[in-house]
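Numbered from 1 within each chain, the chains take letters A, B, ... in sequence-line order.
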Protein chains: 2
Amino acid sequence: MTLSALADPTRRAILARLATGEASVSELAEPFDMSLVAVSKHLKVLEKAGLISKGREAQWRPCRLETKPLMQVDDWLEGYRQFWNENLDRLEAYAAALQQEGGADDRSK
Amino acid sequence: MTLSALADPTRRAILARLATGEASVSELAEPFDMSLVAVSKHLKVLEKAGLISKGREAQWRPCRLETKPLMQVDDWLEGYRQFWNENLDRLEAYAAALQQEGGADDRSK
DNA sequence: GCGTTATTAAACCAATAAGTTAATTAACTA
DNA sequence: TAGTTAATTAACTTATTGGTTTAATAACGC
């Protein structure tokens, strides 16, 4: 569910904003060219995904970033990091091999 | 676009499979309880997102994992890694403080 | 209590997503 | 050439998403 919550650019922008500190719903909505209601819905999606939590302070609902789901995404990526490091290694090896050849064996069309 | 491609569990399973090596469309479809056509569509989504590439070998289209978009997700997460490390630091500091207090100043209800 | 401010709920709409079946394309095999 | 296998395209259905507007809830300031 985390990934689908993160799939929307508005929601990612909201998270980026919240990384700089708490903010109320209307504060969060301000930069966007859409209704407050729409933003409120985005916040609900983020909340259900556990990516934010809402407090209550009088009539405001200060939102703050929750990092657990992001850490889980990070964990999920771990399995692939190994994979792309392998690829980088291959690239490096290839570059090194080219270097050594000195372009002597260029069989480009 | 990467994140929305990653939002679907079938597609993530496909990527996981491809992390173990190339596979044809039908091979990729085999474990799923859905039509080959459906899987083919998932593959197209993954391809458009640059998460896989397809070769051609006779009547097969061997698919392989492409890591660039995943690395970009990793980069995107970087901004938040700092954030959750801060939080962990705070937690540690808090735990240390509790330790030092020895529970002497417990003002829980 | 009354109006204002902050937020959510309800009802609705258009676009997209995820699946289906049937038809098409393309390359192998005999 | 005919038949088989691998994959894609087309047309369609249903559910979900992202937005809207209007109404409701709740806490504040007077």
Side-chain angles (χ1 to χ4, degrees), chain A residues 1-66 69-70 73 76, chain B residues 1-66 69-70 73 76:
Chain A
M1 198 167 53
T2 304
L3 276 310
S4 53
L6 294 175
D8 185 273
T10 301
R11 289 195 288 265
R12 286 197 301 275
I14 289 173
L15 292 184
R17 163 69 185 79
L18 287 178
T20 76
E22 296 200 355
S24 72
V25 176
S26 0
E27 281 169 343
L28 288 172
E30 197 270 324
F32 297 104
D33 188 24
M34 69 178 74
S35 72
L36 186 87
V37 177
V39 172
S40 178
K41 282 190 187 179
H42 279 302
L43 290 173
K44 179 158 296 167
V45 173
L46 289 170
E47 196 178 15
K48 272 192 190 161
L51 283 159
I52 68 167
S53 59
K54 281 188 219 164
R56 33 178 60 209
E57 228 172 279
Q59 66 255 233
W60 292 274
R61 299 294 129 84
C63 303
R64 59 197 205 77
L65 185 59
E66 293 292 335
L70 290 174
V73 172
W76 175 78
Chain B
M1 200 168 52
T2 305
L3 275 310
S4 52
L6 293 175
D8 184 274
T10 301
R11 289 195 289 265
R12 286 197 301 275
I14 289 173
L15 292 184
R17 164 65 185 79
L18 287 178
T20 76
E22 297 200 354
S24 71
V25 176
S26 1
E27 280 169 345
L28 289 172
E30 197 271 323
F32 298 105
D33 188 24
M34 71 179 70
S35 72
L36 185 88
V37 177
V39 172
S40 177
K41 282 190 188 177
H42 280 303
L43 291 174
K44 180 159 296 168
V45 173
L46 289 171
E47 195 178 15
K48 272 192 192 162
L51 283 159
I52 67 167
S53 60
K54 279 187 218 163
R56 35 178 57 211
E57 228 172 279
Q59 63 254 237
W60 293 274
R61 299 294 129 83
C63 302
R64 60 197 204 73
L65 186 59
E66 293 293 335
L70 291 173
V73 173
W76 175 78

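Per the geometry, CD belonging to E57(B) stands 15 Å off C1' belonging to dA26(C), to the nearest Å. The nearest whole Å value for the distance from the CG atom in L36(A) to the C1' atom in dT20(D) is 13 Å. dT5(C) atom C1' lies 13 Å from atom CD of E27(A), rounded to whole Å. Rounding to whole angstrom units, CD of residue E30(A) and C1' of dT5(C) are separated by 16 Å. Remark: P of dA18(C) and CZ of R12(B) are 11 Å apart, rounded to the nearest angstrom. Between the CG atom of L3(A) and the C1' atom of dA17(C) there is a distance of 16 Å, given to the nearest Å. As a whole-Å value, the separation of R56(B) CZ from dC28(C) P is 11 Å. For the pair K54(A) NZ and dA26(D) C1', the computed distance is 15 Å after rounding to whole Å.
The side chain of S35(B) places an N or O atom within less than 4.0 Å of a non-bridging phosphate oxygen (OP1 or OP2) of dT20(C). Dashed line: the shortest gap from a side-chain N or O of H42(A) to OP1 or OP2 of dT17(D) is not under 4.0 Å. For the pair K41(A) and dT7(C), the criterion of a side-chain N or O lying under 4.0 Å from OP1 or OP2 is not met. Phosphate contact (OP1/OP2 of dA18(C), side-chain N/O of R11(B), threshold under 4.0 Å): present.
Rounded to the nearest 0.5 Å, atoms CD (E47(B)) and NZ (K41(B)) are 15.5 Å apart. Atom CG of L6(B) sits about 11.0 Å away from atom CE of M1(B), to the nearest 0.5 Å. We find the CZ-CG distance between R11(B) and L28(B) to be 14.0 Å, quoted to the nearest 0.5 Å.
Judged by distance alone, with hydrogens and angles left aside, the side-chain atoms of R12(A) form a donor-acceptor pair with the main-chain N or O of A7(A) at under 3.5 Å.
Listed nucleotides: dG18(D), dT7(C), dG19(C). Nearest to the side chain of D8(A): dG18(D). In this structure, of dT5(D), dT8(C), dC28(D), it is dT5(D) that holds the atom nearest to the side chain of Q59(B).
Contact annotation: the side chain of I14(A) approaches that of V39(A) to within less than 4.5 Å [non-hydrogen atoms, C-beta and beyond].
Residue V37(A) is classed as a base contact, given a heavy-atom separation below 4.0 Å to a base. Heavy atoms of S4(B) sit nowhere under 4.0 angstrom from any nucleic acid atom.
Nearest-nucleotide assignment on DNA chain D puts the 5′-proximal partner with S40(B), out of S40(B) and M34(A). Both A7(A) and W60(A) lie close to DNA chain D; mapped to their nearest nucleotides by heavy-atom distance, the more 5′-ward contact belongs to A7(A).
A donor N or O paired with an acceptor N or O is not found under 3.5 Å between the base of dT7(C) and the side-chain atoms of K44(A).
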